[in-house]
Amino acid sequence: MDYTIRHMEQGDMVSVKEIFADRKLLLGTMRLPYPSQAAVDERLSSTEGMVRLVADSDEGIGGIIEMQTYPSLPRHNHAGAIHLIATHPNHRGRGVGRALMAAIVDMADNWLNLRRLELSVWTPNATAISLYEEFGFAVEGTLSDYVFRDGEYVDALLMARMNR
């Protein structure tokens, strides 16, 4: 399927709420289940330094990625942090995550001049870890019992890629 990568718009909020309500997404984030539309709207309101991209297709929004940059922190404005990459349940297995990662890495490297891009991922998420490694991310550390989800504690990996 062909996806157009673009900045998120207000009209995308209903689709984004569907993504945020998905159980698989919840297992990979710190979010609690049953998000209200108001909570989604607040979370996705305009924030300085935040880049939010969506993968759009004829079948609707296939996924979202968000990256925090730090323009008001002169000693840290060379870095960015991917806070979220999520695929709509109806679009899984179609290359959405890969397309979003390619777009955000391109933006970080070629438009924002970011030297460091980092993220965290729960250790059971082998699919995501593999995708991040494909884009040059390497494990920098492990946080033991970092998050409680689905009745158990799970470790997190801290991963980063350097653009030298």
Side-chain angles (χ1 to χ4, degrees), residues 1-9 12-13 15-31 35 40 43-44 46-71 76-143 146-147 149 154-164:
M1 171 164 296
D2 289 328
Y3 290 96
T4 300
I5 306 298
R6 61 172 175 76
H7 283 274
M8 189 182 75
E9 300 171 354
D12 300 328
M13 293 301 206
S15 294
V16 170
K17 182 182 178 209
E18 289 175 6
I19 293 170
F20 282 6
D22 180 60
R23 178 170 173 75
K24 185 171 182 179
L25 171 82
L26 290 172
L27 291 174
T29 70
M30 295 283 219
R31 289 173 183 75
V40 172
R43 167 113 170 55
L44 298 178
S46 181
T47 306
E48 181 188 24
M50 188 67 75
V51 176
R52 291 186 181 94
L53 303 178
V54 295
D56 197 359
S57 74
D58 293 339
E59 295 179 23
I61 300 299
I64 180 173
I65 192 168
E66 65 179 25
M67 175 180 62
Q68 176 72 55
T69 64
Y70 308 100
H76 198 58
N77 63 16
H78 66 287
I82 296 175
H83 287 281
L84 171 78
I85 181 169
T87 303
H88 191 285
N90 296 338
H91 293 258
R92 289 203 180 106
R94 296 182 180 183
V96 176
R98 188 166 280 101
L100 288 167
M101 282 298 294
I104 210 75
V105 166
D106 176 66
M107 182 174 282
D109 289 355
N110 300 312
W111 297 97
L112 298 175
N113 195 29
L114 298 182
R115 181 177 174 106
R116 176 183 175 80
L117 191 55
E118 59 194 26
L119 56 83
S120 61
V121 60
W122 310 160
T123 55
N125 195 344
T127 302
I129 294 166
S130 177
L131 177 66
Y132 304 149
E133 289 173 340
E134 181 181 322
F135 280 90
F137 285 81
V139 174
E140 292 189 329
T142 301
L143 301 171
Y146 186 71
V147 66
R149 64 155 212 185
V154 175
D155 295 348
L157 297 179
L158 299 177
M159 300 182 77
R161 69 181 294 279
M162 301 298 287
N163 179 25
R164 298 182 193 255

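This one's a predicted model, so the numbers in the text were calculated from it and none came from an experiment. Values below: every heavy atom of this structure, side chains too, minus hydrogens, waters and symmetry copies.
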(request) Would you indicate whether the side-chain heavy atoms of Leu158 and Glu118 approach each other to under 4.5 Å? (result) no

(message) Can you tell me how far apart OH (Tyr70) and CD (Glu48) are? Round to the nearest 0.5 Å.
(response) 12.0 Å

(message) Less than 3.5 Å apart, any donor N or O on the side chain of His88 or Glu18 sitting next to an acceptor on the other?
(response) yes

(message) If you apply the rule side-chain contact (heavy atoms from CB on, under 4.5 Å), what do you find for Arg6 with Asp12, and how did you get there?
(response) CA-CA 11 Å; Arg6 61 172 175 76; Asp12 300 328; 2.8 Å; yes

(request) Look up atom CG in Asn90 and atom CD1 in Ile61, then write down how far apart they are to the nearest 0.5 Å. (result) 12.5 Å

(request) Take His78 and Asn113, measure what side-chain contact (heavy atoms from CB on, under 4.5 Å) needs, and give me the verdict at the end. (result) CA-CA 7 Å; His78 66 287; Asn113 195 29; over 6 Å; no

(request) Enter the distance from Leu100:CG to Ile85:CD1 here, rounded to the nearest 0.5 Å. (result) 5.0 Å

(request) Identify the two heavy atoms, one from Ile64 and one from Phe20, that lie closest to each other, and give their separation to 0.1 Å. (result) CG2-CE1, 4.5 Å

(request) Using a 4.5 Å cut-off on heavy atoms from C-beta on, say whether the side chain of Val154 contacts that of Pro124. (result) yes

(request) Measure across Pro89 and Asp22 and return the closest heavy-atom pair with its distance rounded to 0.1 Å. (result) CG-OD1, 3.3 Å

(request) State the OH-CE distance between Tyr132 and Met159, to the nearest 0.5 angstrom. (result) 8.5 Å

(request) Evaluate the side-chain proximity of Leu53 to Met8: yes if any heavy-atom separation is below 4.5 Å, no if none is. (result) no

(request) Return yes when atom CZ of Arg98 has more than 12 non-hydrogen atoms of other residues, nucleotides or ligands closer than 6.0 Å, and no otherwise. (result) no

(request) Kindly indicate whether the side chain of Met67, heavy atoms from C-beta on, has any atom under 4.5 Å from the side chain of Leu112. (result) yes

(message) With a 4.5 Å cut-off on side-chain heavy atoms, are Phe137 and Ile82 touching?
(response) yes

(request) Please list, chain by chain and in numerical order, all residues satisfying side chain to side chain contact (heavy atoms under 4.5 Å, CB included) with Asp109, sequence neighbours excluded. (result) Val105, Arg161, Asn163

(message) To check you understand the geometry: which heavy-atom pair defines the closest contact between Val96 and Gly62, and what is its length?
(response) CG1-O, 3.4 Å

(message) With side-chain contact (heavy atoms from CB on, under 4.5 Å) as the criterion, how do Arg94 and Ser57 come out once you've worked through the C-alpha distance, each side chain's angles and the decisive distance to 0.1 Å?
(response) CA-CA 11 Å; Arg94 296 182 180 183; Ser57 74; 5.9 Å; no

(request) Write down the atom of Pro71, the atom of Gly49, and the distance for their closest heavy-atom approach. (result) CD-CA, 3.8 Å

(request) Report the distance from atom CG of Leu84 to atom CD of Glu66, rounding to the nearest 0.5 Å. (result) 5.0 Å

(request) Using the test side chain to side chain donor-acceptor pair (under 3.5 Å), find all partners of Asn110 that sit at least two apart in sequence or belong to another chain. (result) Asp106

(request) Quick one: pull up NE2 in His76 and OG1 in Thr69 and give me the separation to the nearest 0.5 Å. (result) 10.0 Å

